[in-house]
Amino acid sequence: MCGRFSLRASAGAVQEAFALAEPPPLAPRYNIAPAQPVLTVRQGRMGAREAVLLLWGLVPSSAKHPALGARLINARAETCAVKPSFRAAFRHRRCLVPADGYYEWQRAAAGGGKPLRQPYHLRLTEGGPFGIGALWEHWQDPAGNELETVVLLTTAPNAVSAAIHDWMPLIVLPQHYERWLDPRIGKVEALADIMAPYPAEPMTAVAVGAYVNSARNEGPLCLEPPASPASSAPPRGVPASSPQQARLFDDTET
DNA sequence: CCAGACGTTGTT
DNA sequence: GTCTGG
DNA sequence: CCAGACGTTGTT
DNA sequence: GTCTGG
């Protein structure tokens, strides 16, 4: 699952990572949430790559109204090529959403306690930006009002992500960007190899405080460690946290 | 044929 | 639009 | 994803 | 519980 992410990288770093002609409009973000505009990299038939802001939460082109509460924020990579709401977008409107980390909430272990959820920030240990595989869609009502929206794809978790949740965002390898973005390619057979879990080795998961829970909160406080660390009772499969920072990586199960 | 849904996660 | 259910 | 609201009439 | 807002 991927319902919240960060993008702190500079416009220059994102321009270079995604081979953009222009530096994208970009301010550091620590808490990007559904229903907000997200930077999206896509490609036209003539091959020009562009970065635009689209609303996160796909409104299918068939929707009568851009149902604000029923937007689709994630779609499964394994099935999006055949689902009616995503099929056309998969064939013609694949895109990448730049991020440099995403948040996952780990459900508390079974027991009497409150159903508190512990958020983690998952990112490349090296720290750079990456591209989340996504689809965009165009919607227009009879009056001519237009809306462009985007949905993030999910896939099976790697070892780092599996300790926290059952899914992870589809992270596309840089060597696959060109093929993924090419609108002339639409057959799932020509794209299936791209839709695999990103390897666990380059990734790190860090427990963070509840500040990130509210989509109204923004800024570096989103990455502060939890006040009462998850180390008090690390759930199964999760190594105990260090006092300073709960670095999460199980080297034994990659 | 027409009518109605079309998505995910999580929880029970 | 396109697929599923009846 | 999580947080927060969830209703009406009337008055300012 | 369920829907909307961010």
Side-chain angles (χ1 to χ4, degrees), chain A residues 1-7 27 29-39 53-93 97 99 101-123 132-142 146-147 149-157 161-162 164-170 186 188 195 205-219 221-224 226 235:
Chain A
M1 192 65 200
C2 184
R4 217 71 79 77
F5 65 94
S6 62
L7 180 57
R29 289 295 308 276
Y30 289 77
N31 195 9
I32 301 169
Q36 295 178 357
V38 301
L39 191 73
L53 293 171
L54 305 186
L55 270 191
W56 184 6
L58 186 135
V59 176
S61 59
S62 64
K64 301 244 182 345
H65 308 284
L68 293 179
R71 291 204 204 115
L72 307 170
I73 69 168
N74 290 128
R76 296 174 54 148
E78 297 83 354
T79 58
C80 67
V82 296
K83 294 288 184 183
S85 291
F86 303 128
R87 188 176 191 272
F90 177 81
R91 285 177 56 180
H92 307 298
R93 289 179 292 279
V97 171
Y102 61 94
Y103 298 95
E104 299 266 26
W105 280 261
Q106 183 176 54
R107 201 154 280 280
K114 298 173 191 171
L116 289 178
R117 301 192 73 185
Q118 170 62 54
Y120 288 81
H121 187 246
L122 296 94
R123 61 214 190 199
I132 300 175
L135 312 174
W136 65 274
E137 188 54 274
H138 179 263
W139 181 89
Q140 190 170 7
D141 74 6
E146 298 185 50
L147 189 64
T149 56
V150 63
V151 62
L152 304 192
L153 300 184
T154 62
T155 189
S161 225
I164 298 163
H165 216 330
D166 295 337
W167 291 267
M168 68 181 283
L170 171 65
V188 66
M195 295 186 284
V206 175
V208 298
Y211 186 77
V212 74
N213 285 7
S214 173
R216 291 183 148 87
N217 289 336
E218 178 54 59
L221 288 178
C222 292
L223 294 179
E224 285 292 307

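We name chains A, B, ... by the order of the sequence lines, and we start the count at 1 in each one.
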Heavy atoms only, 4.0 Å cut-off, all strands: where does [X] land among base, sugar-phosphate and nothing?
X	answer
A:F5	nothing
A:R216	sugar-phosphate
A:S61	nothing

Nucleotide forming a Watson-Crick or wobble pair with B:dC1, both distances under 3.5 Å: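 Across all strands, the one nucleotide that pairs with B:dC1 is C:dG6.
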Watson-Crick or G-U counterpart of B:dG7, or none if no pair lies under 3.5 Å: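 Partner of B:dG7: none.
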Does [X] put a side-chain nitrogen or oxygen below 4.0 Å from OP1 or OP2 of [N]?
X	N	answer
A:R4	D:dC2	no
A:W167	B:dT9	yes
A:R117	D:dC2	yes

A:A33, nearest nucleotide to its side chain (from E:dG6, B:dG7, C:dC3):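 Nearest to the side chain of A:A33 among the choices is E:dG6.
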Of the listed nucleotides E:dG6, B:dT8, C:dG1, the one nearest the side chain of A:A215: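 Among E:dG6, B:dT8, C:dG1, the one nearest the side chain of A:A215 is E:dG6.
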Which atom of A:T155 lies closest to which atom of A:P169, heavy atoms considered: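 Residues A:T155 and A:P169, closest heavy atoms: CG2-O, 4.1 Å.
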Donor-acceptor contact below 3.5 Å, side chain A:N74 vs main chain A:L152: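 Side chain of A:N74 to backbone of A:L152, a donor-acceptor pair under 3.5 Å: yes, one is there.
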pair A:L55-A:L147: side-chain heavy atoms closer than 4.5 Å: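 In contact.
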